[in-house]
Trainee: 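Got a structure for you, questions after.
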2 protein chains.
Amino acid sequence: MGLGARIRGLRENVNLTQKALAEKLNIPHQNLSNYERGFRQPDYETLKKIADFFEVSTDYLLGHSSDTKTVVQEEKTSYNVTDDPDLQIAFKDASDFSEEARRQAIDFINYLKEKEKAKGRKNINTDND
Amino acid sequence: MGLGARIRGLRENVNLTQKALAEKLNIPHQNLSNYERGFRQPDYETLKKIADFFEVSTDYLLGHSSDTKTVVQEEKTSYNVTDDPDLQIAFKDASDFSEEARRQAIDFINYLKEKEKAKGRKNINTDND
DNA sequence: TAACTAAGAAATTCTTAGCCC
DNA sequence: GGGCTAAGAATTTCTTAGTTA
């Protein structure tokens, strides 16, 4: 997923039109259209404006998500379920989610759990599906 | 402090010359010189290469938010894990996942996180003009 | 050697207007 | 209204070579 798709996704999540968002960012809406379709790339100033507006990192917008370890390194709690720092952070993030998002996170993890189980049992079945 | 100063600082920290770093980044050393002096701005691809090389975030390079490398972490006092027992269980489960599945879980939660942030912003800009 | 500067070439983006659904 | 496209203008960057300490 590229920069354009991320901008578009964020914009649609807040139900803004290109023109409306462009106005808030003080840029022509044609430019925003070009950014979202990947035909142009905003300069750094505009990139930061977009990141600020949506309160996301530029790493996220640029798809530089490969950790960057920029995150809060908190001490391990007594309730330490994992050694994976990224998972810990995700866990804490999810704790602050709305109930709906929390539910989605739980569902997805349960889905992965089933998948993991199936993987562990791969020798049992000869073929399926 | 701008992008150029940050790049220069990182480079000097590892005792590399402009030419040596430029070679590792596969760019002309003149370009690097222009970046460091703030006369030119690297494209996103080069920016990410620089961030990867020094293992810093693009946010740090762009001066978008302080973090990474030299800087200390922001504190997040909220320590309460969660009240949601289902979420606790889900994360205990996730702790035992394979690395691949754990990564998928983290990615999905990060995705939800962006969505949550965007939604929170949504209420602020409902009507205008 | 290390770093900076200059100038024409090349590439990218911006602006303005118009088009489609 | 909402979003996309086109073409010339404007701006920025790249390349190559030369300069300075």
Side-chain angles (χ1 to χ4, degrees), chain A residues 1-54 56-64, chain B residues 1-54 56-64 70 114-115 118-119 121-129:
Chain A
M1 186 165 62
L3 168 62
R6 285 195 163 83
I7 295 175
R8 174 161 296 181
L10 290 166
R11 175 175 63 80
E12 290 179 340
N13 266 337
V14 295
N15 292 316
L16 283 177
T17 66
Q18 287 184 348
K19 287 181 184 175
L21 174 58
E23 189 161 341
K24 290 175 183 296
L25 298 173
N26 282 307
I27 61 172
H29 68 271
Q30 287 94 336
N31 290 11
L32 182 56
S33 172
N34 280 320
Y35 298 155
E36 290 190 358
R37 287 175 303 129
F39 281 73
R40 301 282 188 278
Q41 303 203 304
D43 57 31
Y44 289 147
E45 194 185 356
T46 305
L47 182 77
K48 286 193 282 187
K49 271 201 278 187
I50 294 170
D52 282 335
F53 182 84
F54 291 114
V56 299
S57 68
T58 59
D59 285 281
Y60 171 75
L61 290 177
L62 297 178
H64 189 245
Chain B
M1 184 167 64
L3 168 61
R6 285 195 164 84
I7 295 175
R8 173 162 297 182
L10 290 166
R11 176 176 63 80
E12 291 178 341
N13 251 7
V14 294
N15 290 316
L16 283 178
T17 65
Q18 286 184 351
K19 284 184 184 174
L21 175 57
E23 190 161 337
K24 290 174 184 294
L25 298 172
N26 281 308
I27 61 172
H29 68 272
Q30 286 92 337
N31 290 11
L32 182 56
S33 172
N34 280 320
Y35 299 155
E36 290 190 358
R37 288 175 303 131
F39 281 74
R40 302 282 188 279
Q41 301 201 306
D43 57 31
Y44 289 146
E45 194 184 356
T46 304
L47 183 77
K48 286 194 281 188
K49 271 200 277 187
I50 294 170
D52 282 336
F53 183 84
F54 290 112
V56 300
S57 68
T58 59
D59 286 279
Y60 170 74
L61 289 178
L62 298 177
H64 181 241
T70 57
E114 303 301 334
K115 234 174 121 180
K119 259 184 199 164
R121 201 81 170 88
K122 177 180 179 179
N123 297 328
I124 300 175
N125 51 37
T126 40
D127 61 46
N128 257 331
D129 60 67

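A, B, ... follow the sequence lines: proteins, then strands. Residue 1 opens every chain. Quick caveat: nothing in here was measured; it's all calculated off a predicted structure.
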Trainee: Looking only at atom types and distance, does a side-chain atom of B:Arg6 sit under 3.5 Å from a main-chain N or O of B:Met1, one as donor and one as acceptor?
Mentor: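 At least one qualifying donor-acceptor pair exists.
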Trainee: Expected output is a numbered-order residue list: members of residues 38-48 of chain B with a heavy atom under 4.0 Å from any atom of DNA chain D. What is it?
Mentor: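 B:Phe39, B:Arg40, B:Gln41 - these, ordered by number, are the residues of the stretch whose heavy atoms sit under 4.0 Å from the strand.
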Trainee: Check B:Glu36, B:Gln30, B:Glu23 against B:Gln18 for a side chain to side chain donor-acceptor pair (under 3.5 Å) and give me the one that passes.
Mentor: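 Result for side chain to side chain donor-acceptor pair (under 3.5 Å) with B:Gln18: B:Glu36.
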Trainee: Check the phosphate of C:dA2 against B:Arg11, side-chain N and O only, distance under 4.0 Å to OP1 or OP2. Yes or no?
Mentor: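 Answer is no, no contact under 4.0 Å.
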Trainee: Counting only N and O atoms by type, is there a donor-acceptor contact under 3.5 Å from the side chain of A:Lys49 to the main-chain atoms of A:Leu25?
Mentor: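 Here the side-chain-to-backbone pair exists.
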Trainee: Report the C-alpha distance between A:Leu62 and A:Leu47 in whole Å, list the side-chain angles of each, state the deciding distance to 0.1 Å, and finish with yes or no for side-chain contact (heavy atoms from CB on, under 4.5 Å).
Mentor: CA-CA 9 Å; A:Leu62 297 178; A:Leu47 182 77; 4.1 Å; yes
Trainee: Between CG of A:Asn34 and NE2 of A:His29, what distance do you get to the nearest 0.5 Å?
Mentor: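 It comes to 10.5 Å.
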Trainee: Check each residue of residues 16-32 of chain B for a non-hydrogen atom within less than 4.0 Å of any atom in DNA chain D, then write out the ones that pass by number, or none.
Mentor: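 Per residue number, the list reads B:Pro28, B:Gln30, B:Asn31.
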Trainee: To the nearest 0.5 Å, what is the distance between CG on B:Asp59 and NZ on A:Lys48?
Mentor: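 Reported to 0.5 Å precision, the distance equals 9.5 Å.
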Trainee: Can you tell me the distance, in whole Å, between the CG atom of A:Asn34 and the C1' atom of D:dA6?
Mentor: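 In whole Å, D:dA6 C1' and A:Asn34 CG are 11 Å from each other.
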Trainee: Would you say B:Ser33 reaches C:dA3's phosphate, i.e. side-chain N/O to OP1/OP2 under 4.0 Å?
Mentor: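 No.
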Trainee: What is the distance, to the nearest angstrom, from the CZ atom on A:Arg8 to the P atom on D:dG2?
Mentor: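 Those two atoms, CZ and P, are 14 Å apart.
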Trainee: Quick one: CG on B:Leu61 to CZ on B:Phe54, what's the gap to the nearest 0.5 Å?
Mentor: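 Reported to 0.5 Å precision, the distance equals 8.5 Å.
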Trainee: Rounding to a whole Å, what distance do you find between A:Asn15:CG and D:dG1:C1'?
Mentor: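 After rounding, the gap between these two atoms is 16 Å.
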Trainee: Where the side chain of B:Tyr35 is concerned, which of D:dG3, C:dA3, D:dC14 is the nearest nucleotide?
Mentor: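 My answer, after comparing the listed nucleotides, is D:dC14.
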Trainee: Between A:Leu10 and A:Phe53, does a side-chain contact (heavy atoms from CB on, under 4.5 Å) hold up when you go through it step by step?
Mentor: CA-CA 10 Å; A:Leu10 290 166; A:Phe53 182 84; over 6 Å; no
